[in-house]
Structures are given as C-alpha cells and as structure tokens.
Amino acid sequence: MDFEPLDEELEEFLRPIVEEAAETGWADDVDFMCAEYRELKRLGMFDSASEYYSGTACVQPTYAAMKYFERKKKWKARQRKETATKVGGKLAETGATIVAKLHGF
C-alpha cells in the first residue's frame, strides 16, 4: 500500500477538518468554494458532503482522510530510514575503497 503525500496547501485545508471530525465524525462550516475543497473531494477524501447556499459544507471525512497524517508520519520515518541506509552503505563502500587504496589493493 503506497502512500502519496498531498500538496502542502491541501494538508493545511484538511488538518482542521480531520481535527474537528475526530470528535464528532463530521466537520461543519467547511468552505466549499475554494480549490482545496474541490481537489480533496475529487481525491475521495469525503464520504459525505452537504453543501449549502452559504458557501459552506458539512463533510464526513473518509477513513483515509482521518488516518492521513498518521500515515504521513510513518511514511516520513520510513523515508528517513531508507535514506540513512543508503548513505550508510555508500559511506561503508567509500571507506572500504580508501582502505584498499591505502594498503595498495
């Protein structure tokens, strides 16, 4: 199961929705007139959305939306670990090359 991070602007728009929905399952007074809302809706981040003439919506985020920031944290940790492993391997290889050259191999 691959994780694809959202754009920073989408994350900023999603965070308060997720925080509010964590308490009640729904987020009220969400501005649906902006591009961030439309993109999150297009990405399937809302199970349900009631849009009102006032320009606000009441949304129920999906499970994926509710777990997004938790999954992103794990993904970042995994990315850091993979990067450290790659760097460590390159350092060991470089060190071995230097030792071999010093010893005339």
Side-chain angles (χ1 to χ4, degrees):
M1 189 158 80
D2 290 335
F3 177 80
E4 187 69 34
L6 297 171
D7 291 340
E8 195 172 317
E9 296 83 12
L10 295 177
E11 287 183 358
E12 289 174 15
F13 191 82
L14 181 61
R15 187 175 299 279
I17 293 171
V18 167
E19 289 171 355
E20 183 177 346
E23 297 174 19
T24 64
W26 292 85
D28 291 318
D29 297 325
V30 176
D31 177 12
F32 78 83
M33 303 296 280
C34 64
E36 292 86 356
Y37 172 86
R38 289 189 303 275
E39 183 63 11
L40 289 173
K41 188 174 180 181
R42 187 188 70 77
L43 292 171
M45 290 295 205
F46 305 132
D47 270 335
S48 179
S50 298
E51 298 170 350
Y52 306 108
Y53 287 113
S54 64
T56 63
C58 180
V59 299
Q60 182 182 30
T62 62
Y63 179 80
M66 295 298 291
K67 295 295 182 182
Y68 172 81
F69 294 102
E70 184 179 313
R71 291 182 65 215
K72 182 178 180 189
K73 186 176 179 181
K74 289 178 183 177
W75 175 78
K76 278 182 132 177
R78 197 169 45 249
Q79 293 289 99
R80 281 193 296 271
K81 184 177 178 181
E82 288 174 7
T83 300
T85 300
K86 288 177 186 175
V87 169
K90 287 181 181 180
L91 286 175
E93 186 178 307
T94 302
T97 302
I98 291 171
V99 170
K101 286 182 179 180
L102 290 173
H103 291 286
F105 295 112

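Only this structure's heavy atoms are used, side chains among them; waters, hydrogens and symmetry mates stay out.
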Minimum heavy-atom separation for Tyr68 to Met45, with atom names?
-> CD1-CE, 4.4 Å
What's the spacing between Arg38 CZ and Phe32 CZ if we round to 0.5 Å?
-> 10.0 Å
Verify the cluster assignment for Tyr52 and Leu40: are they in a single hydrophobic cluster under the rule of side-chain heavy atoms below 4.5 Å apart?
-> no
When clusters are formed by joining ILVMFWY residues with side-chain heavy atoms under 4.5 Å apart, either directly or through shared neighbours, do Leu43 and Phe13 land in the same one?
-> yes
Minimum-distance pair of heavy atoms, taken over all atoms of Cys58 and Asp28 | SG-OD1, 2.8 Å
In this structure, OG1 of Thr62 is separated from NZ of Lys67 (nearest 0.5 Å) by 12.0 Å
Locate the shortest heavy-atom distance separating Ala65 from Val18; write the atom from each residue and the value.
-> O-CG2, 3.4 Å
Check whether Phe69 and Leu6 end up in the same hydrophobic cluster, where Ile, Leu, Val, Met, Phe, Trp and Tyr are linked by side-chain heavy atoms less than 4.5 Å apart.
-> yes
Which distance, rounded to the nearest 0.5 Å, do you find between the CD of Glu39 and the SG of Cys34?
-> 11.0 Å
Scan for salt bridge (charged side-chain N to carboxylate O under 4.0 Å, His left out) pairs involving residues 8-22, sequence neighbours excluded, and state none if there are none.
-> Glu11-Lys72
State, to 0.1 Å, how close Tyr37 and Val30 come at their nearest heavy-atom pair, and which atoms those are.
-> CD1-CG1, 3.9 Å
If you measure from CZ on Phe3 to CZ on Arg71, what distance do you get to the nearest 0.5 Å?
-> 6.0 Å
Would you check if Glu70 and Lys73 make a side-chain contact, meaning some heavy-atom pair closer than 4.5 Å?
-> no
In the single-linkage hydrophobic clustering (I, L, V, M, F, W, Y; side-chain heavy atoms under 4.5 Å), do Leu10 and Val59 co-cluster?
-> yes
On a heavy-atom basis, the closest approach of Trp75 and Pro5 is CH2-CG, 3.7 Å
What heavy-atom pair brings Asp47 and Pro61 nearest, and what distance separates the two atoms?
-> OD2-O, 3.9 Å
Calculate, to the nearest 0.5 Å, the distance between atoms CD and NZ belonging to Glu36 and Lys41 respectively.
-> 15.0 Å
